[in-house]
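Below: the structure, in structure tokens.
Reminder, nothing fancy here: chain letters follow the sequence lines and each chain counts from 1. For the numbers below, each heavy atom of this structure counts, side chains included, while hydrogens, waters and symmetry mates do not. Just so it is clear, the structure is predicted and the values come from calculations on it, not from any experiment.
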Amino acid sequence: MAKNVITPRGEDFPRWYQDVIQKAELADNGPVRGTMVIRPYGYSIWERMQQAMDARIKAAGAKNAYFPLFIPESYLTREAEHVEGFSPELAVVTHAGGKRLEEPAVVRPTSETVIGEYMAKWVQSYRDLPLLLNQWANVVRWELRPRLFLRTSEFLWQEGHTAHATEEDARLYAKRIHEQVYAEFMRDELAMPVVLGRKTAKERFAGATNTLTCEGMMGDGKALQMGTSHELGQNFARAFDMNFLTEDNERELAWTTSWGTSTRMVGGLIMCHGDDAGLRVPPKIAPVQVLVMVVKDGEGVAAAARQIVDDLLAAGVRAEVDDRDTAFGRRAVDAELKGIPVRVEVGPRDLAAGSVTLARRIAGGKSPVPLGGLVDAVRAALVEDHDALYADALRRRDDRIQSVATIAEAAEAAATGWATLPWAAVGTEGEATLGESAITVRCLMLPDGSVPREEDEDGVLAVVARAY
RNA sequence: CGGGACGUGGCGCAGCCUGGUAGCGCACCGGCUUUGGGUGCCGGGGGUCGCCGGUUCGAAUCCGGCCGUCCCGACCA
């Protein structure tokens with residue numbers, strides 16, 4: 001492995017993170033503070049996330065639609081908590097077409113309001129419910145302390161918005177998205193274990209009655225909120241007059257939900273799986289699962305490498321050839337920085353032996369594989385790598401969660417990881433105390449890992465940590 | 001907005017204190033070399049020293065003003 005290519009994680013984790021993003025060619029800072037240029041390799045990772053997520057969202061019954069970037073300022077103000085929560089980070093267009101606008105247009109920070117307005121129009125009868133929508137879009141939240149992928153003033157995301165006839169139906173749908181779309185996606189595609197829970201009132205989405213969250217643990221023990229699913233009660237339905245006639249011809253307000261995941265997940269992926277050699281991309285998300293490297297050309301090696309790529313592609317493996325003219329070591333280091341799970345090294349020596357060399361980014365090590373058995377070996381490696389990444393992440397998380405009894409102990413544990421303690425021992429005051437040390441209650445959960453329906457249920461645990 | 005630092009080729013920095021017309025590492029380009037772990041050597045291109053003004057024969061360097069960036073704090077997918 002190459003040395004000193006990037007800052008070691010243990011030396012300076014934030015610096016390591018920046019180095020990985022730069023060296024793996026994931027992103028650059030944009031020209032306006034807080035903005036981000038997503039480079040092709042970073043974007044291809046996002047595209048794979050989108051694809052996998054989109055399929056799950058559709059399987060949950062939601063359909064894609066698109067709503068405008070500009071929202072009338074007056075919409076935002078209709079839901080009191082919502083506007084209060086978002087006003088500090090709004091970008092507002094006051095001038096356009098060379099004139100001052102009669103009503104300023106807010107650049108969407110999220111779309112509950114516009115979508116609420118239109119859902120109100122479309123929902124007339126109980127027969128129109130549930131109405132299940134999703135959109136892929138960019139949103140803008142003017143951030144004071146931006147960090148690439150984790151907190152940028154503009155980011156890309158998916159936002160789901162649904163309307164239901166009953167509170168129970170809305171609750172179950174928010175839960176379904178939380179568990180069967182988000183958490184499963186993170187586990188099965190990103191190889192990331194997440195803690196599921198509900199947010200405290202302080203951490204709840206502005207305008208929601210309940211916020212469910214997926215919290216991931218990063219390599220430095222800090223928490224990252226990777227996705228949220230909200231029950232909005234009738235708050236937005238009331239603000240936008242979204243009502244419908246029941247079977248009994250009664251007029252009732254709908255119950256709505258919203259839920260989102262963003263490009264922040266790319267940051268989570270980096271910080272969860274990366275190591276001192278760079279990124280490690282889980283095979284299912286990897287834009288390039290196998291890089292076939294021409295070690296030394298001249299004896300039909302390049303042609304053999306291309307044939308191998310074709311065979312892998314035909315077998316449904318995402319493969320690319322690397323026949324660049326640069327030194328082998330540099331190309332190998334590049335592949336490691338980018339976290340490509342498997343490298344197939346092809347050189348004259350290999351071909352003479354009728355084999356190739358399989359180099360593993362995640363499991364580590366190299367070994368010869370007969371050409372005829374390559375496709376199967378690659379398939380097995382990719383499955384094994386996914387499981388290994390998940391196991392690593394899970395082990396780290398379990399090692400770094402401490403069960404404690406007091407706020408003081410929790411604060412101590414949060415220096416290196418997470419702590420769980422009875423929510424009853426924390427409460428709103430304890431939450432404020434911890435906040436003074438930049439420690440937050442990430443979520444509330446039950447001892448068996450399930451999500452409590454109410455904050456004050458018996459045995460509810462608070463998960464506290466420092467967070468991104 | 002409160003506290004701290006910094007603006008010099010693409011990136012990271014030295015030079016400033018003690019003025020004399022810009023240098024190093026990486027990256028980039030060309031040649032040879034080596035392609036099985038950032039190969040080595042030779043050659044080369046690229047900078048209004050953040051901006052404006054002042055002092056001076058002469059300013060990256062000294063003085064004044066302005067602009068910008070980064071870090072810490074208050075907000076967040």
Exercise for the section: Assess whether atom CZ of A:Arg15 is packed by more than 12 heavy atoms of other residues, nucleotides or ligands within 6.0 Å. Expected result: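 Atom CZ in A:Arg15 is not crowded, with 12 or fewer foreign heavy atoms closer than 6.0 Å.
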
Practice task
Might you confirm whether atom CD of A:Glu84 has over 12 heavy atoms from other residues, nucleotides or ligands at distances under 6.0 Å?
Solution key: no

From C-beta outward on [X], which listed nucleotide comes closest to its side chain: [options]?
X        : options             : result
A:Leu144 : B:U35, B:A74, B:A77 : B:A74
A:Asp350 : B:U35, B:G36, B:G37 : B:G36
A:Arg343 : B:C76, B:G37, B:G36 : B:G37
A:Lys296 : B:U39, B:G37, B:U35 : B:U35
A:Ser262 : B:A77, B:U35, B:A74 : B:A77
A:Asp325 : B:G37, B:U35, B:C75 : B:U35
A:Thr228 : B:U35, B:A77, B:G36 : B:A77
A:Arg141 : B:G36, B:A77, B:U35 : B:A77

Over how many whole Å does the gap from [X] atom [atom1] to [N] atom [atom2] extend?
X        : N     : atom1 : atom2 : value
A:His178 : B:A77 : NE2   : P     : 14 Å
A:Met53  : B:A77 : CE    : C1'   : 12 Å
A:Phe328 : B:G40 : CZ    : P     : 16 Å
A:Asp334 : B:A27 : CG    : P     : 12 Å
A:Leu351 : B:G36 : CG    : P     : 16 Å
A:Met265 : B:A77 : CE    : C1'   : 10 Å
A:Glu143 : B:A77 : CD    : C1'   : 9 Å
A:Leu90  : B:A77 : CG    : P     : 14 Å

[N] and [M]: how far apart are their [atom1] atoms, nearest whole angstrom?
N     : M     : atom1 : result
B:C29 : B:C52 : C1'   : 37 Å
B:U21 : B:A59 : P     : 12 Å
B:A60 : B:G9  : C1'   : 14 Å
B:C28 : B:G47 : C1'   : 15 Å
B:C41 : B:G4  : C1'   : 46 Å
B:C11 : B:C51 : P     : 15 Å
B:U18 : B:G3  : P     : 29 Å
B:A74 : B:G65 : C1'   : 31 Å

Problem - Check: A:Arg331 side chain, B:G36 base, donor-acceptor under 3.5 Å - result: no

Handout entry: Side-chain donor/acceptor of A:Arg151 to base of B:C76, under 3.5 Å
Key = yes

Which part of the nucleic acid, if any, lies within contact of [X], taking any heavy atom under 4.0 Å across all strands shown: a base, the sugar-phosphate backbone alone, or nothing?
X        : answer
A:Thr357 : base
A:Thr261 : nothing
A:Gln225 : sugar-phosphate
A:Arg324 : nothing
A:Ser229 : nothing
A:Gly260 : nothing

Practice task
Kindly indicate, with the supporting measurements, whether the criterion side-chain hydrogen bond (donor to acceptor under 3.5 Å, both in side chains) is fulfilled by A:Glu159 and A:Ser258.
Solution key: CA-CA 7 Å; A:Glu159 52 177 321; A:Ser258 68; over 6 Å; no

Practice task
Could you tell me which residues satisfy ring-ring contact (aromatic ring centres under 6.0 Å, His included) with A:Tyr390, sequence neighbours excluded, listed by chain and number?
Solution key: none

Hey, are [Y] and [X] close enough side-chain-wise for a donor-acceptor pair under 3.5 Å?
X        : Y        : answer
A:Ser153 : A:Glu143 : no
A:Glu203 : A:Thr211 : no
A:Lys199 : A:Gln225 : yes

Problem - Test salt bridge (charged side-chain N to carboxylate O under 4.0 Å, His left out) applied to A:Glu336 and A:Arg280, A:Arg361, A:Arg343, the passing residue - result: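 Answer after filtering A:Arg280, A:Arg361, A:Arg343: A:Arg343.
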
Exercise for the section: Answer yes or no as to whether B:A77 has its base stacked against A:Phe155, where stacking requires a ring-centre separation under 5.5 angstrom and planes under 30 degrees apart. Expected result: yes

Handout entry: Ring-ring centroid check A:His82 A:Phe205, cutoff 6.0 Å
Key = yes

Practice task
Over all heavy atoms of both residues, which pair between A:Val114 and A:Pro68 is shortest? Give the atoms and the distance, please.
Solution key: CG1-CD, 4.3 Å

Exercise for the section: Represent RNA chain B in dot-bracket notation, 5' to 3'. Only Watson-Crick or G-U wobble pairs with both distances under 3.5 Å count; pseudoknot-style crossings use [ ] and interstrand partners use |. Expected result: ((((((((.[[[[.)....(..]]]].(((((.......))))).....[[[[[..)....]]]]])))))))....

Exercise for the section: Examine B:A27: is either OP1 or OP2 under 4.0 Å from a nitrogen or oxygen in the side chain of A:Arg330? Give yes or no. Expected result: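 For A:Arg330, the contact criterion (side-chain N or O under 4.0 Å from OP1 or OP2 of B:A27) is met.
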
Handout entry: Side-chain N or O of A:Arg145 closer than 4.0 Å to phosphate OP1/OP2 of B:G73
Key = yes

Fill in the blank from the handout: Ranking A:Pro88 and A:Lys23 by the position along RNA chain B of their nearest nucleotide, the one closer to 5' is A:Lys23

